[in-house]
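Just below is one structure, and these are the notes that go with it.
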2 protein chains.
Amino acid sequence: MADLAKVAGVSKITVSRALSDSPLVNRETRERLQQLAHELGYKLNVSARNLRLRRSHTVAVIVEMKPSHDRTMFDPYPLVLLGGISQELTAHGYSVLLTTRQGATAAAVQAADGLILLGQGSRQDAVRRFDKLGLPMVVWGAPGDEHVVVGSDNRQGGHAVAEHFIRLGRRNPVFVGNPNHPEIFERLTGFVDALTAHGIKPLLIRRDEFTLASGTDAMHSLMDRGVPFDAVFACSDLLAMGAIRALNQLGRSVPGDVSVVGYDDMPLAASFLPPLSSVRQDWQEGGTLLARKVLAMINDEPEQSETLPVELIVRET
Amino acid sequence: MADLAKVAGVSKITVSRALSDSPLVNRETRERLQQLAHELGYKLNVSARNLRLRRSHTVAVIVEMKPSHDRTMFDPYPLVLLGGISQELTAHGYSVLLTTRQGATAAAVQAADGLILLGQGSRQDAVRRFDKLGLPMVVWGAPGDEHVVVGSDNRQGGHAVAEHFIRLGRRNPVFVGNPNHPEIFERLTGFVDALTAHGIKPLLIRRDEFTLASGTDAMHSLMDRGVPFDAVFACSDLLAMGAIRALNQLGRSVPGDVSVVGYDDMPLAASFLPPLSSVRQDWQEGGTLLARKVLAMINDEPEQSETLPVELIVRET
DNA sequence: GTTGCGTATGATATCGATATCATGCACGGA
DNA sequence: TCCGTGCATGATATCGATATCATACGCAAC
């Protein structure tokens, strides 16, 4: 920048002002300097600016990147979420620093201007650990009292599935999933509340792993117990697929005897046989919203939790 | 740091040395200062250090985060790759700056010490654009002459599948996929080479989308044409699953009449009916290797492309 | 003429770390 | 006593940007 100033015959500070579009410099000068900077291939030194401004212009995103079964954030979705975050932050001159919980002690993370937590749903203790950093923080998941949370409206999701079952005349619905997980708990709550309004009490089958095998297993244990049921709300598509497979093997038709709805609407859901009904979340939008909220908080604007609408995709199950 | 120095009754520079484990300071002083720093909750100012050292201690990772069908990096895998990268970089005091191709013009990216490109396989033009930055750069994909590339050994993958088919006595194998994609092309090459050694020439069915529907469609067009075949190597698991489904519908049994092998060994592969044989890549290790190579290049050590072994998981198809 | 105001630009200090060169001191040998 | 050597520490300059306060100038009003 000093060089630029010398070439242009002005002072460093004028260059600085010109390049940051300050109205303090004459428009002609500004344009001339910007042009010159471009020609000479000048690159702003981010560290220097960050040092002076006492901001890192960085938001740390904490996400689990190891394969795991207990997560709601299955498959391509965390990546889409990251995409939304990245796009929004970049547009505002911030950058995305990616880490895991383990890596979160690194100096660079501690120096971030804000924090976004993904996929920590089942570990509130872990979330609380990050409070100590005293940074603006937004969490993806189910709303609680302690933090600013962005998530899709899991309760609405459960509600919609319940209504769907009612409409189909189902009277003995089952919920499969892990209600210890806050987001799943919300789905269950929405589901139960809507059913209760119709005088129906669903059965809960707890399953912690969100795999096909786990879904199959759930149906088997259900049949073994001889409990009557005519609808299954599985809180992941894989569970749903496993359930359908098991039901077919056990001689019960889907959707003839039993209706099944999954969650997440993964790409495979549409081409499953039969095509799986599922609840779809808008992950990209979720990412955008997460980013927008941290940015606001970084600028000392107060923010609140917010949920995004979900959509029940009715296919053939 | 100045405060720390004052409290401890030494100079700033001694503190600096002590905290970076420099052998120049007396061991006692060093330990005392480190202890003190810890007690006072001292946090290194990353920007200041970066400014002085003229390093950002940051590696930019460029990855496509929008859902798309044309990619090899399906589903949870990019995330696992990112995990490997993140872990290795963090362990060496570097941090991961995540962006898309679009966001790569941001100042922070240009200031990175190195670059890792993921999922750009089919866009060599895009890859070349990044050369201009003049940064140490490592690319995930298929080896070429122009860059340092890390990837799994797609050729070996193709080879292994061919050998597998030969062992099963198959004589008319088909390859399904998009050979314009460099990684897929490698798989095809390995496949063809190994078969040629046995006097067999496979058929190629080109399909660009890596979806179930696309796999189904490929089998239909194959049967329509009346071409004889007894083995299918699909370059993604979804293609393979679609193919198996179509074959069943068309009255051909798997693996009785036709053997099918997929690629990536996604979690679903094992619980598919029948359990799908597939080629597995070690993504985590790939990430580690990518990171290790950029770090080496940042430290001016020369690096070369490298491929990672893959493993054919033989199940029932 | 001078006072005041607005506009455009500049001088200097500063953010918090580290590299370089200098200094202080103890010790042993001549 | 003096000097060289090694070890521990310090003074100062520096990385590249921006905030703050100062300055220069033109022009209008009195």
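The chains referred to below are lettered A, B, ... by the order of the sequence lines, with proteins before strands, and numbering in each begins at 1. Atom set for the values below is all heavy atoms of this structure, side chains included, hydrogens, waters and symmetry mates excluded.
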Between Ser56(A) and Asp113(A), do the side chains contain an N or O donor and an N or O acceptor separated by less than 3.5 Å? yes

Met1(B) has an atom CE; how far is it from atom C1' of dT14(D), in whole Å? 16 Å

Measure from CZ on Arg52(A) to C1' on dT12(C) and round the result to the nearest Å. 11 Å

Base, sugar-phosphate, or nothing for Leu53(A), non-hydrogen atoms under 4.0 angstrom? sugar-phosphate

Sub-3.5 Å donor-acceptor pair from the side chain of Asn299(B) to the main-chain atoms of Glu301(B), do we have one? no

In terms of side-chain geometry, is the basic nitrogen of Arg32(A) or Glu28(A) positioned less than 4.0 Å from the acidic oxygen of its partner? no

Return the value, rounded to whole Å, for the distance between atom CG of Leu4(A) and atom P of dA17(D). 9 Å

Expected list for residues 10-37 of chain B near DNA chain D, using heavy atoms below 4.0 Å, is Val10(B), Ser11(B), Ile13(B), Thr14(B), Arg17(B), Leu24(B), Val25(B), Asn26(B), Thr29(B)

Rounded to whole angstroms, how far apart are CG on Asp3(A) and P on dC15(D)? 11 Å

Within this structure, what is the CG-to-C1' distance between Leu51(A) and dT14(D), rounded to whole angstrom? 12 Å

To the nearest Å, how far apart are Asn50(A) CG and dC15(D) P? 18 Å

Distance test, side-chain N/O of Arg54(B) to OP1/OP2 of dG16(D), below 4.0 Å: yes

Would you mind writing out the side-chain donor-acceptor pairs for residues 285-292 of chain B within the sub-3.5 Å range, not counting sequence neighbours?
from      : atom 1 : to        : atom 2 : distance (Å)
Thr288(B) : OG1    : Gln284(B) : O      : 3.0
Arg292(B) : NE     : Glu88(B)  : OE2    : 3.3

Using only atom types and a distance under 3.5 Å, with no angle test, would you say the side chain of Ser20(B) pairs donor to acceptor with the backbone of Ser16(B)? yes

Tell me, with the steps shown, if Glu31(A) and Gln35(A) meet side chain to side chain donor-acceptor pair (under 3.5 Å). CA-CA 6 Å; Glu31(A) 283 166 4; Gln35(A) 170 72 17; over 6 Å; no

Taking atom P of dA17(C) as reference, at what distance in whole Å does atom CG of Asn45(A) sit? 17 Å

Polar pair under 3.5 Å, donor/acceptor by atom type, side chain Arg49(A), base dT18(D): no

